[in-house]
2 protein chains.
Amino acid sequence: METQVAEKRHASSKECAARLSAIHDAIYVIGGKWKLKIIIVLREEGSKRFNELQRLVSGISARVLSNELRELELNGFVRRKVFDGRPVIVEYELTEYSDTLSEVLHALNSWGTMHRSKIRSEMQAAAQSDK
Amino acid sequence: METQVAEKRHASSKECAARLSAIHDAIYVIGGKWKLKIIIVLREEGSKRFNELQRLVSGISARVLSNELRELELNGFVRRKVFDGRPVIVEYELTEYSDTLSEVLHALNSWGTMHRSKIRSEMQAAAQSDK
DNA sequence: CAGAATCCATAAGGATACTG
DNA sequence: CAGTATCCTTATGGATTCTG
């Protein structure tokens, strides 16, 4: 048995550190404003070409999209398929590994939906008390 | 029945837009480098005072911690408790609303853990082929 | 102790133009 | 079409100092 000190109600510091580094890794590879959005679009709409993607992910610039796709490819979420011809056609598609994100995406999606409706009802209440 | 066009395999654009805005909201309030880390520490270690928190969330500066705590409070995740005295003591604790994040935290935690071990084994394989 | 204030460095990101 | 290059603005965040 290890020496048992304080903090019974809470997890050990080791567990906390483990969670922190797991979250750290997750944020590192799928964090930021765009990566999950790109993945969602590719999931819902299927493989897409560069300009289509840029249209579908509203607000993203070509420069940023290009950078994000490169990182997503490096991290194994996206595959870049090149079809020769004139002009060359490039398609981006999700890899099987990107499926490992489905739990994360689902959780974020339902939390975001819940949160938004909470905010909306708070604003309603505020408007009510303003009258 | 609405007019049925293309894209049978994939969700409608409306669904996609809904998911995008849900994710957008989520990223907006819990995104960034620090918010989830602070929440995790408060979950695992219980309520904490400012300087304790700064120690536990490694790498964060006082300025950034202060800003993040303010936003977390505004968004209803954290409560700031002030105990008068000399010196004044301030404690930060999670609200009940922060519990709504548990699914998100769990998903991110297990994905991050899985991803890290995947990376580790890839590095092992690479080291192997280098010999 | 719990921060706010200030200053500064770096990163992220938008706009526009350009190219094979 | 699929980006890249360049320039510029804004956001993020670290270090340090200061204060009630």
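First the proteins, then the strands, lettered A, B, ... as listed; each starts at 1.
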Roughly, in whole Å, what's the span from [atom1] in [X] to [atom2] in [N]?
X       : N      : atom1 : atom2 : answer
A:Glu91 : D:dG3  : CD    : P     : 12 Å
A:Arg80 : D:dC1  : CZ    : P     : 16 Å
A:Arg49 : D:dG3  : CZ    : P     : 10 Å
B:Lys35 : D:dT12 : NZ    : P     : 8 Å
A:Asn67 : D:dT6  : CG    : C1'   : 14 Å
A:Asp84 : C:dG20 : CG    : P     : 18 Å
B:Glu52 : C:dA2  : CD    : C1'   : 12 Å
B:Ile60 : D:dT16 : CD1   : P     : 17 Å

Counting C-beta onward and ignoring hydrogens, is there a side-chain heavy-atom pair between [X] and [Y] closer than 4.5 Å?
X        : Y        : result
B:His106 : A:Glu103 : yes
A:Leu53  : A:Ile60  : no
B:Val90  : B:Phe50  : no

Does B:Lys33 place a side-chain N or O at less than 4.0 Å from the phosphate oxygens OP1/OP2 of D:dA11?
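No, outside the criterion.
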For DNA chain D, whose closest nucleotide is more 5', that of A:Pro87 or that of A:Ser66?
A:Pro87
In terms of ring plane angle, is the pair A:His115 and B:Tyr97 parallel, tilted or perpendicular, where the classes change at 30° and 60°?
tilted
Ignoring hydrogens and angles, are the base of C:dG3 and the side chain of B:Arg63 linked by a donor-acceptor pair under 3.5 Å?
no
Can you work out whether A:Trp34 or A:Ala62 has the more 5'-proximal nearest nucleotide on DNA chain C?
A:Trp34
Identify whether any heavy atom of B:Arg86 sits under 4.0 Å from a base atom; if not, whether one sits that close to sugar-phosphate; answer base, sugar-phosphate or nothing.
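No contact.
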For A:Tyr92, answer base if it contacts any base atom (sugar-phosphate contacts may also be present), sugar-phosphate if it contacts only those atoms, and nothing otherwise; contact means non-hydrogen atoms under 4.0 Å.
sugar-phosphate
Looking at A:Glu93 and A:Gly46, would you say the former's side chain and the latter's main chain have a donor-acceptor pair under 3.5 Å?
no
Ignoring the backbone of A:Asn51, work out which of C:dG14, C:dA2, D:dC1 is nearest its side chain.
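Nucleotide nearest to A:Asn51's side chain: D:dC1.
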